[in-house]
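Numbered from 1 within each chain, the chains take letters A, B, ... in sequence-line order.
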Amino acid sequence: MANGVTEKENPYLAHLAPKKRGSPSTSTVKEPLYGFLPRRVTADQVRGALEGDVNPFTKQPHSASYKKILEARKKLPVYAQMAEFYKVFTENQVVVMVGETGNCSRRKFRIPQFVAYSDLPHTKGKMIACTQPRRVAAMSVAKRVADEMDVQLGKQVGYSIRFEDMTEHGTTFLKYMTDGMLLREAMNDPDLTRYSTIILDEAHERTLATDILMGLLKGVAKKRPDLKLIVMSATLDAVKFQKYFGISGRGEDGKPAPAPLFLVPGRTHSVEVFYTQEPEPDYVEAAIRTVLMIHRAEDPGDVLLFLTGEEEIEDACRKIRLEADDLTNQDPDSVGPLVCIPLYSTLPPAQQQRIFDPAPSPRKEGGPPGRKVVIATNIAETSLTIDGIVYVVDPGFSKQKVYNPRIRVESLLVSPISKASAQQRAGRAGRTRPGKCFRLYTEKDFMNELEEQTHPEILRSNLANTVLELVKLGIKDLVKFDYVDAPAPETLMRALELLNYLAALDDDGNLTPLGGIMAEFPLDPQMAKMLIVSPEFKCSNEILTIVAMLSVPNVWLRPNNQRKEADAAKQLLTVPDGDHLTLLNVYNNYMQNIHDKNWAWTNYLSARALTQADNVRAQLQRTMERFEIDLISTQDQRTFYTNIRQALVCGFFMQVAHKEGEKGNYLTVKDNQVVGLHPSCGLETQPEWVIFNEFVLTTRPYIRTVTDVRPEWLLEYAGNYFDLASFPDGETKRALQRVLNKKLGKAAGRVDNEKNGSGSDERVKKKQKKNKS
DNA sequence: GAGCACTGC
């Protein structure tokens, strides 16, 4: 075999190899575990390279700044662990690596570099991938590592994220990327043959993409003895990953031996944790009280308070500011000034930056010091770190996505956080010096009520997209796929069912040619489907725009003090037949005014979201061109909107609602959920049949982004789904039956049909008349 | 007459 690797030497291969009768079991083999490519570089050699005068990658002399960075690096504990790292890395195919929280940054900078140096003489032409759950991290870490290695970003060290590929083919050998990006690459190269080592960072976050990658890579590692895998995680999950990547037949009694663990010690400061004596009935009120108490009684240091959402945060900010003002008025000499800064993702970036402002100065020299209070969502738990936080207030809640496969609805629920999450939050207090964490729940509740880990995303999501990806990756049996945590069978069934109705999978669950193309689009399957069929309706240009607009955050702005103005501006752009058409109209108007920087703002639209939509549109257009899907628009004004609405039906026929009674209630078809039109909906009337983009569960169930459709289209373009025989009895079925009867009647009397079926759209006509007058 | 936890392709 290549590289002199025999199957026996690789337990993963041995596991796959047919067992010979009477041959000794692999568990008795005592020689070194793996016989991979000879990566026997020693720590001394690497130190020599690091400290030498010439950069081994560029063959250029090391720069002065490099030498300065190197001196600092030499003091880090990881540097001292180099020899230990190379030993475990050389001897094992899979290593689970653990660093205390707060230490992760060092880990993600150094370990990939160590691998890079070890690979230098051996794996020419193959790359090292290091995945991150977030784009910003992939970008910034790559930048810093390029600096540390004294190479140019985008050359030997690069990154690859959506819309931005900073790598050079043939030159880049260390590539930081988002986990989703690596998963995309895997769809066209399931064995990831371009890579010699794959490092999954932040594995404990258990994003959907990381979870799928872990399942995939476990299989690939068995097939590819030359592939090395490093799973990096926070302490708590390590054992789970060690077991998951365990080596068959190596442990006691022939059981799997856990994958080896490599520990990188942490460097965080101690955090003292306080609990309440009794449970708090109102956590927002308790949180406000705690923040004010800290402000009055504790030493200087900034405060981070975790709340669940925008409304809660803005409310708390207001109340804390009021109370702080009261304190100041009572006795300006006893308390310092306090600033309260909200932080959540939908805040414009400039306002997010405020969290890095220094705390306010004392009112007068020698007076009590000022304090900064940041009130944040979970964004401060993972995505953004704020240095200088000394006090954390943790009410123990966050909004979490949950998926109900029975009614096919994803919603956000305020739920108790996990122990792991609580520890992560507490850790935010100890980044610069010893800190304190005030938990607004009892110690008993922490011990007994909180789950160990937050449920991984794969257990809380609609998996339609994921299942299509898995099938595209060549996974034959989705139920038997080796998940780290297997999703509920019902969730998989729902996904398979949807993909089958969309004709992405055939009745045996095999990928159809259409499904293969759908998987190439970074879109939900419904949207991919309608985009692909849209040329048949002569509106692919328009559907492309609508899909792009649906893929970005809400474009409508509605500032609290200008709601009326915002609503009026929206009204001017509204198309009465449906919100999807309104989105198209908004985009087209935006493009016509692209050079007017104030256009978005004066129309109460988010310029950021619109730019993003434009990016997404361009990317999708490239994918369409790759598959030769025509970009066309009809010139016929009479059918312009009708065609678009028909194409929408081809993707979203499973998200149809039927009007019931006169109260404006709708029933979702087949699931029979009573829903209302969301107040943001711009429909002029309440049509009998509508398709909707999402079902949201807030004060009551709503359908949002809604468009008027005709029932005969449902029967025509989704006949399989609207098979009346399988329909539950009820008003919806009877209404469809009437349409069907009428249609059959019409088909019988052709002349009649010719006369009425001119294809014109009554509402469009009406509107054109209106516009003319 | 509502609201948008957070990511990602």
Looking at every strand, decide which applies to [X] at a 4.0 Å heavy-atom threshold: base, sugar-phosphate, or nothing.
X: A:R184; answer: base
X: A:Q400; answer: nothing
X: A:T178; answer: sugar-phosphate
X: A:I161; answer: sugar-phosphate
X: A:F521; answer: nothing
X: A:R558; answer: base
X: A:I379; answer: sugar-phosphate
X: A:N378; answer: nothing

In whole angstroms, how far is the [atom2] atom of [N] from the [atom1] atom of [X]?
X: A:D567; N: B:dG1; atom1: CG; atom2: C1'; answer: 10 Å
X: A:L557; N: B:dC4; atom1: CG; atom2: P; answer: 14 Å
X: A:R206; N: B:dG8; atom1: CZ; atom2: P; answer: 19 Å
X: A:E381; N: B:dT7; atom1: CD; atom2: P; answer: 12 Å
X: A:R162; N: B:dT7; atom1: CZ; atom2: C1'; answer: 12 Å
X: A:D179; N: B:dG8; atom1: CG; atom2: P; answer: 9 Å
X: A:D524; N: B:dG8; atom1: CG; atom2: P; answer: 16 Å
X: A:L677; N: B:dA2; atom1: CG; atom2: P; answer: 13 Å

Just do the salt bridge (Lys or Arg N to Asp or Glu O under 4.0 Å) check on A:D485 and A:R206 with the steps written out, would you? CA-CA 10 Å; A:D485 282 292; A:R206 303 291 304 276; 2.8 Å; yes

Using the side-chain heavy atoms of [X], tell me which of these nucleotides is nearest: [options].
X: A:R135; options: B:dC6, B:dC4, B:dC9; result: B:dC9
X: A:S383; options: B:dT7, B:dC4, B:dG1; result: B:dT7
X: A:Y344; options: B:dC6, B:dG1, B:dC4; result: B:dC6
X: A:K399; options: B:dC6, B:dC9, B:dC4; result: B:dC4

CG-CD distance between A:L200 and A:E205, expressed to the nearest 0.5 angstrom: 12.5 Å

Within less than 4.0 Å of OP1 or OP2 of [N], is there a side-chain N or O belonging to [X]?
X: A:R460; N: B:dA5; answer: no
X: A:R700; N: B:dA2; answer: no
X: A:S345; N: B:dC6; answer: yes
X: A:T377; N: B:dC6; answer: yes

Kindly list each side-chain donor-acceptor pair under 3.5 angstrom involving residues 514-522 of chain A, sequence neighbours excluded, with atom names and distances?
{"from": "A:E520", "atom 1": "OE1", "to": "A:R626", "atom 2": "NH2", "distance (Å)": "3.3"}
{"from": "A:E520", "atom 1": "OE2", "to": "A:K472", "atom 2": "NZ", "distance (Å)": "3.1"}

Per nearest nucleotide of DNA chain B, the residue lying toward the 5' end, A:M181 or A:T699, is A:T699

Taking the six-membered ring for Trp and the single ring otherwise, decide whether the centroids of A:Y702 and A:F695 are under 6.0 Å apart. no

Please walk me through it: do A:R162 and A:Q619 pass side-chain contact (heavy atoms from CB on, under 4.5 Å)? CA-CA 9 Å; A:R162 189 183 187 183; A:Q619 187 196 26; 2.7 Å; yes

Any donor-acceptor pair under 3.5 Å linking the side-chain atoms of A:T623 with those of A:Q621? no

